[in-house]
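What you see is a predicted model, and the numbers here were worked out from it, not measured in a lab.
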Amino acid sequence: MTRQNVIGVLSILALLTGMTSAASAIWMTAKARLAQQLLDTAWQNSKTLAIPAKPWQWADMTTVGRLTIPAMDQSLIVLSDASGEAMAFGPGLITGDPLHAETSALAIGGHRDTHLAFMQNLEPGTRLTLEALDGKLHHYTLMDRQIVDTRVQSLGIATQSPGLILVTCYPFNARQTGGPLRMVMRAAYLPT
C-alpha cells in the first residue's frame with residue numbers, strides 16, 4: 001500500500017468516526033427531548049387520574065410532583081425514585097410523599113450537571129413550589145445550604161416536620177462523578 005493510499009484510508013476512517021460521533025450526539029439529544037415530553041404527558045395523566053403514571057410502559061418510576069422555582073423560570077417533573085436510572089430523566093424522591101407535604105419533609109435528589117444544576121445559583125430566601133398529584137401547591141422558602149462529606153457525616157434528613165430538602169453531588173464543576181461531597185439545601189414549608 002502506498003503512502004497516499006494509507007492517508008486516504010485514514011481520512012475515510014476519521015470521517016466515519018466523526019460521523020458516528022455526530023450521529024450519537026444527535027440521537028442522545030433526541031432521546032432526551034422525547035423523554036421530557038413523555039414525562040410531561042405522564043405528569044398530566046398523573047394529575048388527571050390522581051395516581052402516579054409511568055412515562056413509558058417499561059419505566060421503573062412514576063411522576064409524583066412538579067418542582068418550580070419561579071425566580072429562575074425553572075420547572076421539573078419529580079420522579080418516584082432517586083435511583084441512578086430514574087435520575088437520568090429527572091430529580092427523584094429520596095424520601096417523603098408530595099401528597100403529605102403539609103405534615104412531613106420531602107427530600108429530592110438529582111444530578112448536579114443536569115436537572116439540579118440550578119442549585120448552584122439558589123440563594124437563601126428563594127421561593128420554591130411543589131405541586132402534588134392532587135393539584136395542591138406547597139410553597140417553600142430556601143433557608144440554608146451546606147456541604148456534607150458523606151464519608152464522615154450523614155445527610156441527616158429529618159422527616160417529622162414539613163419542609164423540602166434538595167440534594168445533589170458537589171462540587172458542581174467536578175470532572176469526576178460520584179464523589180463523597182453533597183450540596184444539601186433546606187427549605188421551610190410556608191403554610192397557606
ask   = So which heavy atom on Asp81 is nearest to which on Ala86, and how close?
value = O-CB, 3.4 Å

message = Under the side chain to side chain contact (heavy atoms under 4.5 Å, CB included) test against Arg186, which residue among Leu164, Leu166, Asp144, Leu142 passes?
response = Asp144

key: Contact summary for Gly109 and Leu116, nearest pair of heavy atoms   = C-CD1, 3.7 Å

inquiry  = Are the side chains of Trp43 and Val64 in contact, using a 4.5 Å heavy-atom criterion?
reply    = no

ask   = Does any non-hydrogen side-chain atom of Leu133 lie less than 4.5 Å from one of Pro52?
value = yes

query = What's the spacing between Ile69 CD1 and Thr129 OG1 if we round to 0.5 Å?
reply = 8.5 Å

note = Rounding to 0.5 Å, atoms CD1 (Ile108) and OG1 (Thr95) come to a distance of 11.0 Å

message = Within this structure, what is the CG-NE2 distance for the pair Leu130 and His139, rounded to the nearest 0.5 Å?
response = 10.0 Å

query = Rounded to the nearest 0.5 Å, how far does OG1 of Thr126 lie from CE of Met185?
reply = 8.0 Å

Parallel, tilted or perpendicular: ring planes of Phe89 versus Trp56, cut at 30 and 60 degrees = perpendicular

query = Within the distance-only criterion (no hydrogens, no angle test), does the side chain of Arg145 pair as donor or acceptor with the backbone N or O of Pro124 below 3.5 angstrom?
reply = no

task = Return the set of residues passing side chain to side chain donor-acceptor pair (under 3.5 Å) with Arg182 (not counting sequence neighbours), or none when no residue passes.
result = none

inquiry  = With heavy-atom distances below 4.5 Å as the criterion, would you say the side chains of Asp40 and Ile77 are in contact?
reply    = yes

key: His111 to Thr168 - nearest heavy-atom pair and separation   = C-OG1, 3.3 Å

inquiry  = Check this for me: Tyr189, atom OH, are more than 12 non-hydrogen atoms of other residues, nucleotides or ligands nearer than 6.0 Å?
reply    = yes

inquiry  = In the structure I gave you, are the side-chain heavy atoms of Lys54 and Met61 within less than 4.5 Å of one another anywhere?
reply    = no

ask   = Side chains of Ser46 and Thr63: do they bring a donor and an acceptor to under 3.5 Å?
value = yes

ask   = Where do Ala101 and Pro162 come nearest, in terms of heavy atoms and distance?
value = O-CB, 3.4 Å

inquiry  = Test side-chain contact (heavy atoms from CB on, under 4.5 Å) on Val184 and Tyr170; report intermediate values, then the result.
reply    = CA-CA 9 Å; Val184 179; Tyr170 186 83; over 6 Å; no

query = Rounded to the nearest 0.5 Å, what separation is found between the CG atom of Asp60 and the OG atom of Ser83?
reply = 5.5 Å

inquiry  = Nearest 0.5 angstrom please: Gln74 CD to His115 NE2, how far?
reply    = 9.5 Å

request  = Return the minimal non-hydrogen interatomic distance between Pro98 and Ala132, and the atom names on each side.
outcome  = O-CB, 3.5 Å

key: Sub-4.5 Å side-chain heavy-atom contact between Ile147 and Met183   = yes

request  = Starting from the C-alpha separation in whole Å, work towards a yes-or-no answer on salt bridge (Lys or Arg N to Asp or Glu O under 4.0 Å) for Asp149 and Arg151.
outcome  = CA-CA 5 Å; Asp149 186 338; Arg151 295 171 295 194; 2.8 Å; yes

ask   = Does some side-chain heavy atom of Leu38 sit less than 4.5 Å from a side-chain heavy atom of Gln36?
value = no

ask   = Any side-chain heavy atom of Leu106 sitting closer than 4.5 Å to one from Tyr140?
value = yes

query = Are the side chain of Thr48 and the backbone N or O of Gln44 linked by a donor-acceptor pair below 3.5 Å?
reply = yes

ask   = When clusters are formed from ILVMFWY side-chain contacts under 4.5 Å, directly or step by step, what else is grouped with Ile51?
value = Leu49

key: Test item: Leu93 and Leu79 side chains (from C-beta on) under 4.5 Å apart, heavy atoms   = no

